[in-house]
Amino acid sequence: MTIYSSDFIRIVAERGFLHQCTDMEALDTLASKSSITAYIGFDCTAPSLHAGSLVSIMLLRWLQKTGHRPIVLMGGGTTKVGDPSGKDETRKLLDDDGIAANMAGIKDIFKTFLDFGDGPTDALMANNADWLDGLQYIPFLRDYGRHFSINRMLGFESVKLRLDREQPLTFLEFNYMILQAYDFLELARRHDCLLQMGGSDQWGNIVGGVELARRLDGRALYGLTTPLLETASGAKMGKTAAGAVWLNKDMLSPYGYWQFWRNTEDADVGGFLRLFTDLPVGEIARLEALKGEECNEAKKILANEATKLCHGETVVGDVAASAASVFENGGVGVIEAGGTSDGAGLPVIDVARGDLENGIPAFELLTRAGLAASNSEARRLIKGGGGRLNGVVIGNELQSVSLADMGSKGLIKLSAGKKRHAVVRAI
């Protein structure tokens, strides 16, 4: 077992964040002797980040907690190009207004994970549009493009995978790794940033920045990547049948977020506790040793801790109360929790009153509520006895759900199995 001298490298290694590093020994020594500055970039391709970004966010959190300075780099410039890493097709290009709107939604996510300010270890938020938007094409190619070998760029995994699958890679996207390398150089010059971190698919881009700074400025920069994260069943982290697990509460309620973590597979509990909570590793070892029904206690703790980090401690109590009603009391009182104004209750789905007056087939309503990815999946769920209406098993996929099914609060409770629930409201 490797023994590290810096708290940061030791913690990220024991918690499962560590995959590759350009020079681990040198970085570990540096981080043990002084405070370092590191960054991770986040492109603005959607109005919110999702749970798949949490590994990077938590890595920045541990960087700060161990006495170092994190930089959150908003990709106001690089989003205009689109990162080809991990994609089989060109990303949809957004206009300036769309990028600005997405950036506004993403920025607030970091406030509960990091402390921002002017202190030596306070987090900084930057926008690469500040230096990329003003670049002149010919001077940039002459000064920076000449340091990149096409032969080597074609060998990087993010490019090779795309070409091996015979998927088109535009020249615009091919420039992305040069722009990301330039970002690293700019942050090193502006903020003495010496470490770039990211997912394993970013390795080639990160190495490009390390080499560019060495050639142009003689700077020693470093790169560190995290492993590709999948669930025990092989699903992509942060994805469910109903779609992405968004971090913004206006795109996924705190209860829906809590529910995602509560539904973690048994085999993933220990790993997720290490990656997505601040709990000590000793306590995590105790929790991951729990088996059978006792494992549910570990899942509740995971859900509480993860939700606290994302949505704040005050929300967790309300979410836990709603959850106890669903999981422990057979759903008693859950309808009353469904429409809470602070979003802590069950996810609420608005349906036109006219549709409910006419009646909606149960399978269709389950799909509308996000409890099934498609109508065919909803039909299979009901046929298998997994669909419930107000706590009662739905006997027929074509069973009509109407205003007559509403409770005293004017709401309808839908369930998919024992762990996924939503509330339908007529508008």
Side-chain angles (χ1 to χ4, degrees), residues 47-48 239-246 248-263 303 307 311 315 318-427:
S48 170
K239 299 286 186 178
T240 69
V245 181
W246 300 107
N248 283 14
K249 66 180 180 181
D250 60 342
M251 296 183 69
L252 179 66
S253 73
Y255 180 86
Y257 188 77
W258 187 96
Q259 193 176 50
F260 166 75
W261 297 105
R262 173 62 179 79
N263 292 343
T307 304
H311 294 294
V315 171
D318 292 332
V319 171
S322 295
S325 175
V326 174
F327 287 103
E328 297 166 14
N329 302 327
V332 176
V334 75
I335 295 299
E336 287 76 359
T340 52
S341 59
D342 62 4
L346 293 173
V348 178
I349 311 300
D350 290 329
V351 175
R353 179 171 290 272
D355 290 350
L356 284 169
E357 285 176 350
N358 298 324
I360 302 173
F363 75 87
E364 182 183 328
L365 195 56
L366 281 168
T367 306
R368 284 202 204 183
L371 297 176
S374 64
N375 285 339
S376 58
E377 181 181 305
R379 288 174 184 269
R380 289 193 298 271
L381 178 72
I382 294 171
K383 287 178 180 178
R388 290 177 179 267
L389 173 67
N390 293 330
V392 179
V393 173
I394 301 171
N396 188 322
E397 63 192 89
L398 297 177
Q399 177 179 326
S400 181
V401 183
S402 67
L403 295 175
D405 294 299
M406 287 186 166
S408 60
K409 298 288 184 179
L411 301 169
I412 299 169
K413 177 189 163 191
L414 290 176
S415 304
K418 295 180 179 179
K419 298 181 179 180
R420 294 189 293 131
H421 312 271
V423 167
V424 175
R425 175 175 58 194
I427 57 171

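All residue numbers in this chain count up from 1 along the given sequence.
Nearest heavy atoms, Pro254 versus Val315: CB-CG1, 3.6 Å. Taking every heavy atom of both residues into account, Ala362 and Ile394 meet most closely at CB-CG2, 3.8 Å. Tyr257 and Trp246 make their closest contact through CD1-O, 3.8 Å (heavy atoms, listed as atom of the first residue, atom of the second, distance). In terms of heavy atoms, Leu366 sits closest to Ala378 at CB-CB, 4.2 Å. Counting all heavy atoms, side chain and backbone alike, Ala303 lies closest to Arg262 at CB-N, 3.8 Å. Taking every heavy atom of both residues into account, Gln259 and His421 meet most closely at NE2-N, 3.1 Å.
Ser400 and Ser402 form no side-chain donor-acceptor contact under 3.5 Å, judged by distance and modelled atom types alone.
Here the CG atom belonging to Asn396 is positioned 9.5 Å from the NZ atom belonging to Lys383, to the nearest 0.5 angstrom.
For Ala426, the side chain to side chain contact (heavy atoms under 4.5 Å, CB included) test picks out Arg353, Leu356, Leu403, Met406, with sequence neighbours left out. Among residues two or more places apart in sequence or in another chain, the salt bridge (Lys or Arg N to Asp or Glu O under 4.0 Å) test is passed with Arg379 by Glu397. Looking at residues two or more places apart in sequence or on another chain, you find a side chain to side chain contact (heavy atoms under 4.5 Å, CB included) between Arg368 and Val351, Asp355, Ile360, Glu364.
Using a 4.5 Å cut-off on side-chain heavy atoms (C-beta onward), Leu414 and Leu389 make contact. Considering only heavy atoms from C-beta on, Asn390 comes within 4.5 Å of Ile412 through its side chain.
Ring orientation note: the planes of Trp258 and Tyr255 are close to parallel, at an angle under 30° on the 30°/60° scale.
Proximity of a side-chain donor or acceptor of Ser48 to a complementary backbone N or O of Asn248 within less than 3.5 Å is detected.
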